[in-house]
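Please read the structure below before turning to the comments.
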Amino acid sequence: MPLFHLPALRGGLLALMAAALFGISTPLVQRAGAGLGAFTTAALLYAGAAFMGAWLRQPVEREAALRRADLKRLSWMALFGAVIGPVALAWGLQHTSGTSASLMLALEALFTAVLARTLYREVMDRRVWSAMLLLLAGGMVLVIDRGLSGGVQLLGLLAVLAATAAWGIDNTLSRALAERDPGQVVLGKSLLGAGATAVLAVAAGEPLPGWTAALALLAIGASGYGLSLRLYLLAQRAFGAARTGSVFAFAPFIGALVAIALGDRALSWGMATGGLLMLAGVALHLAESHGHTHDHEPLDHEHAHRHDDGHHDHVHDPMPAGEHSHSHHHAPLRHTHAHVPDAHHAHPH
């Protein structure tokens, strides 16, 4: 069966690729940003992401373009996701171990899922809530473990916690733009974030980075923040904000393994226990299955789509092959199939 007929699988794979890129970036940022200011580090990361966004932009025939009305939401995304999040992470990475910081980032899934439920009414059954409780328990174990290791370690970990909350808000805000060209979303958010943090770096008197550190952070930002965000947005388009956040929670475990491979020897029994609790929460969330008879209300919108996915049966002359984008109408429809809370399945339960 083609991958586009399995939205949960397609979304899961996209989110997993985004998680791998971001997870690998966390310990690399700790090394490349050593000795640099947090604002400078964030500015370079999102400057690299902006280059990637510009390169990945698609023509309007293939992806729906950003609109002027999207600027307000994009600005809030930049504030939380490209200013507060990376600055808090950069500072936290300088004051705690790369392994514990990576694992703590799993709580981003918890913030994203709760906000997605609150703002978008995405369905969350007992299995999903149990998964969220496991993630929360794992995060609490990490905080206790780092607190016992010393005050500075705890402050660093709390800064990473603040970053996860900021990115959880960013992820929820970005859900409404998931049908837009993800390259344009990456470019717009990254330019706003890089500009704001660069101004803050100058105002704070942070030293200029060396060429090696600057190029390294630009490259990390292009892949771990730019390309990763594009894949994340495509995953949200495929199966919603909460589920994308849950799969993305694999990023911290990837980051922790990379940190250990790079020589981080801060792993403790408390960190291992917290990591296992979080991993169990991610696995439980991914085991969810949801299907029932549901109604589609009349809907007019614009996004990239195909004509063999069971939801887009309007006529073209000639009929285009593959994905394309234009404004289109959905007639009322009732049917039964396994589904996820994408743009066509936002019905109440």
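Owing to the predicted nature of the structure, the values given are computational and were not obtained by experimental measurement. Side chains are part of it too, since the values below use all heavy atoms of this structure and drop only hydrogens, waters and symmetry mates.
In terms of modelled atom types and a separation under 3.5 Å, the side chain of W167 and the main chain of G85 share no donor-acceptor contact.
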Counting only pairs under 3.5 Å, give me each side-chain donor-acceptor contact of residues 250-263, with atom names and distances, residues two or more places apart or in other chains.
none

Could you tabulate the donor-acceptor pairs under 3.5 Å formed by side-chain atoms of residues 208-225, not counting sequence neighbours?
| from | atom 1 | to | atom 2 | distance (Å) |
| --- | --- | --- | --- | --- |
| S223 | OG | A219 | O | 3.3 |
| S223 | OG | I220 | O | 3.4 |

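Rounding to the nearest 0.5 angstrom, the gap separating the NZ atom in K189 from the CZ atom in R73 is 13.0 Å. To the nearest 0.5 Å, atoms CG (L21) and OH (Y232) are separated by 14.0 Å.
Residues forming a side-chain contact (heavy atoms from CB on, under 4.5 Å) with P207 (at least two apart in sequence, or on another chain): none. Scanning for side chain to side chain donor-acceptor pair (under 3.5 Å) contacts around D181 gives an empty result, with sequence neighbours left out. The side-chain contact (heavy atoms from CB on, under 4.5 Å) test applied to W76 returns K72, L79, F80, L173, not counting sequence neighbours. In terms of the side chain to side chain donor-acceptor pair (under 3.5 Å) criterion, S25 has no residue partners (sequence neighbours excluded). Shown here are the side-chain contact (heavy atoms from CB on, under 4.5 Å) partners of A201, two or more places apart in sequence or in another chain: F39, T40, E206. For V185, the side-chain contact (heavy atoms from CB on, under 4.5 Å) partners two or more places apart in sequence, or in a different chain, are L66, L74, M77, L177, R180, L233.
Evaluation of the side-chain hydrogen bond (donor to acceptor under 3.5 Å, both in side chains) test over residues 41-55, restricted to residues two or more places apart or in two chains, returns none.
Through chains of ILVMFWY side-chain contacts below 4.5 Å, L187 is grouped with L191.
Hydrophobic clustering (side-chain heavy atoms under 4.5 Å, transitive across Ile, Leu, Val, Met, Phe, Trp, Tyr) keeps F51 apart from L56.
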